[in-house]
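Lettering of chains follows the sequences in order, A, B, ..., and the numbering in each one begins at 1.
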2 protein chains.
Amino acid sequence: MGASQLIHEELDRQLQRDSSMPHTYYVILVKLSEAKDRTLRMSDLATELNSSQSRLSHAVSRLEERGWVRRVPCAADRRVSWAELTDDGFAALTAAAPGHVEAVRRVLFDRIDPEQVKRLAEICAAVLADRVPHPR
Amino acid sequence: MGASQLIHEELDRQLQRDSSMPHTYYVILVKLSEAKDRTLRMSDLATELNSSQSRLSHAVSRLEERGWVRRVPCAADRRVSWAELTDDGFAALTAAAPGHVEAVRRVLFDRIDPEQVKRLAEICAAVLADRVPHPR
DNA sequence: CCCACATGCTTGAGAGTTCAAGTAAGGTGG
DNA sequence: CCACCTTACTTGAACTCTCAAGCATGTGGG
């Protein structure tokens with residue numbers, strides 16, 4: 001718990017300090033940037049992020065205020081909302097990425113050897129295996 | 001990140017649901033229960049928990065409201081505050097512990113073998129090694 | 001002795017998260 | 001075809017955490 005807490009806090013602090021965004025928001029931008037048309041359904045985005053819909057909805061609201069994400073209503077199914085990464089959002093992500101990547105190395109990968117990386121991957125896979133998504 | 005987030009959320013959810021306390025509070029109770037006279041200086045407690053003093057102060061305030069912890073002013077150094085676990089607090093911890101322990105097994109230890117436990121411990125130790133406590 | 005700095009802790013405001021509830025729209029069995 | 005369930009998402013309130021600032025209270029050099 002100490003190790004995972006440390007990693008989480010360190011990454012969050014770095015992003016907050018250098019790019020004024022929590023790690024949660026960074027990951028949202030990443031997922032959107034990788035998606036086709038930089039657009040994803042809200043619920044798919046939530047699933048990919050292991051996030052509750054509520055959390056995502058709140059987060060996207062903040063990201064919209066910053067002009068980094070835009071909500072686009074879906075014509076085919078009007079319950080659905082698309083989240084689209086704006087150019088400003090992509091720029092913010094581009095600016096934040098190098099520092100974040102460096103932090104990831106610093107807190108984790110520079111501290112363990114390649115063999116340990118492999119072992120850690122196996123352990124994490126075991127923890128995540130056969131997971132029924134939790135009721136949210 | 002997915003694995004550590006899952007573990008965190010699962011443990012937090014279980015404690016919140018079954019014992020109405022966040023994991024943070026549980027750990028505070030644990031540390032106090034293990035301390036001599038079930039009492040610890042606020043700053044020592046914060047250090048042991050890798051918590052900011054601010055976070056601890058807020059948390060202890062809530063725990064005091066519940067009657068689980070008591071603040072005792074220190075006569076020798078009047079800046080210092082002792083945090084003392086009350087009998088009610090100890091009872092709450094006793095009630096919460098079995099469910100929590102079970103959850104810990106369920107989310108982690110039942111999913112990896114003894115060899116992996118050892119490897120994970122080494123990796124976590126490497127992540128935590130030579131850590132200068134962060135400015136808080 | 002005393003001023004400046006360090007230490008221990010608290011406070012308040014701003015943010016993010018959670019949970020429960022709410023709205024709206026899409027399916028579906030009788 | 002219409003009550004009823006499900007799906008998609010949002011909302012609001014309560015709660016925790018963070019950060020910066022704010023007290024007191026010790027302590028050490030001149």
Side-chain angles (χ1 to χ4, degrees), chain A residues 5-6 8-28 40-66 69-84 133-136, chain B residues 5-6 8-28 40-66 69-84 133-136:
Chain A
Q5 187 191 346
L6 185 110
H8 229 292
E9 287 179 0
E10 196 77 15
L11 296 183
D12 214 51
R13 194 185 336 270
Q14 184 273 325
L15 279 170
Q16 195 72 61
R17 179 168 38 76
D18 298 342
S19 310
S20 311
M21 63 174 106
H23 185 250
T24 319
Y25 291 10
Y26 179 86
V27 185
I28 293 175
L40 240 33
R41 281 178 51 158
M42 288 292 282
S43 45
D44 291 342
L45 184 49
T47 303
E48 282 202 52
L49 295 169
N50 292 112
S51 163
S52 66
Q53 292 199 146
S54 173
R55 170 158 73 193
L56 179 63
S57 184
H58 284 299
V60 167
S61 298
R62 304 297 169 288
L63 290 171
E64 264 191 309
E65 287 167 14
R66 297 189 188 189
V69 169
R70 188 170 26 238
R71 265 186 252 241
V72 182
C74 172
D77 184 339
R78 287 190 308 184
R79 293 169 304 177
V80 169
S81 218
W82 300 89
E84 180 185 332
H134 219 282
R136 292 172 187 272
Chain B
Q5 187 192 345
L6 185 111
H8 232 294
E9 286 179 1
E10 197 77 13
L11 296 184
D12 214 52
R13 192 182 344 265
Q14 183 275 324
L15 279 169
Q16 195 73 60
R17 177 168 40 76
D18 299 342
S19 309
S20 311
M21 62 175 110
H23 185 251
T24 319
Y25 292 11
Y26 179 86
V27 184
I28 293 174
L40 241 33
R41 281 177 51 157
M42 289 292 282
S43 44
D44 291 343
L45 184 50
T47 303
E48 282 200 51
L49 295 170
N50 293 111
S51 161
S52 68
Q53 292 198 146
S54 173
R55 170 158 75 194
L56 179 63
S57 185
H58 284 299
V60 166
S61 298
R62 304 298 168 289
L63 291 170
E64 262 191 308
E65 285 167 14
R66 299 188 187 190
V69 169
R70 188 170 26 241
R71 266 187 252 242
V72 182
C74 172
D77 183 338
R78 287 188 310 184
R79 293 169 303 179
V80 169
S81 217
W82 300 88
E84 181 186 332
H134 219 281
R136 290 173 189 272

Enquirer: Taking only side-chain N and O atoms of B/Thr24, does any of them lie within less than 4.0 angstrom of OP1 or OP2 on D/dC17?
Expert: yes

Enquirer: How many whole angstroms separate atom CD of B/Glu10 from atom C1' of C/dT18?
Expert: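 Spelled out: CD on B/Glu10 to C1' on C/dT18 is 15 Å.
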
Enquirer: Compare side-chain N and O positions of A/Tyr25 against OP1 and OP2 of C/dA15 and report whether any pair is under 4.0 Å apart.
Expert: no

Enquirer: In whole angstrom, what separates A/Arg13's CZ from D/dA20's P?
Expert: 11 Å

Enquirer: When the distance from CZ of A/Arg78 to P of D/dT10 is rounded to whole Å, what number comes out?
Expert: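 In whole Å, D/dT10 P lies 16 Å from A/Arg78 CZ.
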
Enquirer: Whole Å only: how far is the CG atom of A/Leu63 from the C1' atom of C/dG16?
Expert: 12 Å

Enquirer: For A/Arg41 and A/Trp82, what are the C-alpha separation, side-chain angles and deciding distance, and is it a side chain to side chain contact (heavy atoms under 4.5 Å, CB included)?
Expert: CA-CA 4 Å; A/Arg41 281 178 51 158; A/Trp82 300 89; 3.6 Å; yes

Enquirer: Run the side chain to side chain contact (heavy atoms under 4.5 Å, CB included) test on B/His8 and A/His8 for me, step by step, so that the C-alpha distance in whole Å, both residues' side-chain angles and the decisive distance to 0.1 Å come before the verdict.
Expert: CA-CA 11 Å; B/His8 232 294; A/His8 229 292; over 6 Å; no

Enquirer: Nearest-Å distance, CG (A/Asp12) to P (C/dG16)?
Expert: 10 Å

Enquirer: Using whole Å, what does the distance between atom P of nucleotide C/dA20 and atom CZ of B/Arg17 come to?
Expert: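 After rounding, the gap between these two atoms is 11 Å.
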
Enquirer: My understanding is that only one of A/Glu64, A/Glu84, A/Glu65 makes a salt bridge (Lys or Arg N to Asp or Glu O under 4.0 Å) with A/Arg71; could you say which?
Expert: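 That would be A/Glu64; it is the only one of A/Glu64, A/Glu84, A/Glu65 passing the salt bridge (Lys or Arg N to Asp or Glu O under 4.0 Å) with A/Arg71.
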
Enquirer: Between A/Ala76 and A/Gln16, which residue's closest nucleotide on DNA chain C lies nearer the 5′ terminus?
Expert: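 Final value for this comparison: A/Gln16.
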
Enquirer: Looking only at non-hydrogen atoms, find the nearest pair between A/Ala83 and A/Leu45 and report the distance.
Expert: CB-CD2, 4.3 Å

Enquirer: Per the side chain to side chain contact (heavy atoms under 4.5 Å, CB included) rule, which among A/Thr24, A/Val27, A/Leu40 passes with A/Leu49?
Expert: A/Val27

Enquirer: Round to the nearest Å and state the distance from B/Met21 atom CE to C/dC19 atom P.
Expert: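 Distance, rounded to whole Å: 16 Å.
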
Enquirer: Mark up nucleotides 6-11 of chain C, 5' to 3', with B wherever a protein heavy atom is under 4.0 angstrom from a base atom, S wherever such an atom reaches only the sugar-phosphate, and - elsewhere.
Expert: -BSBBB

Enquirer: Nearest whole Å is fine: how far is D/dT16 P from B/Glu64 CD?
Expert: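 Computing the B/Glu64:CD to D/dT16:P distance gives 15 Å.
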
Enquirer: Side chains of B/Asn50 and A/Leu6, heavy atoms from C-beta outward: is any pair under 4.5 Å?
Expert: no

Enquirer: Applying side-chain hydrogen bond (donor to acceptor under 3.5 Å, both in side chains), can you list everything that pairs with A/Asp77, at least two apart in sequence or on another chain?
Expert: A/Arg79

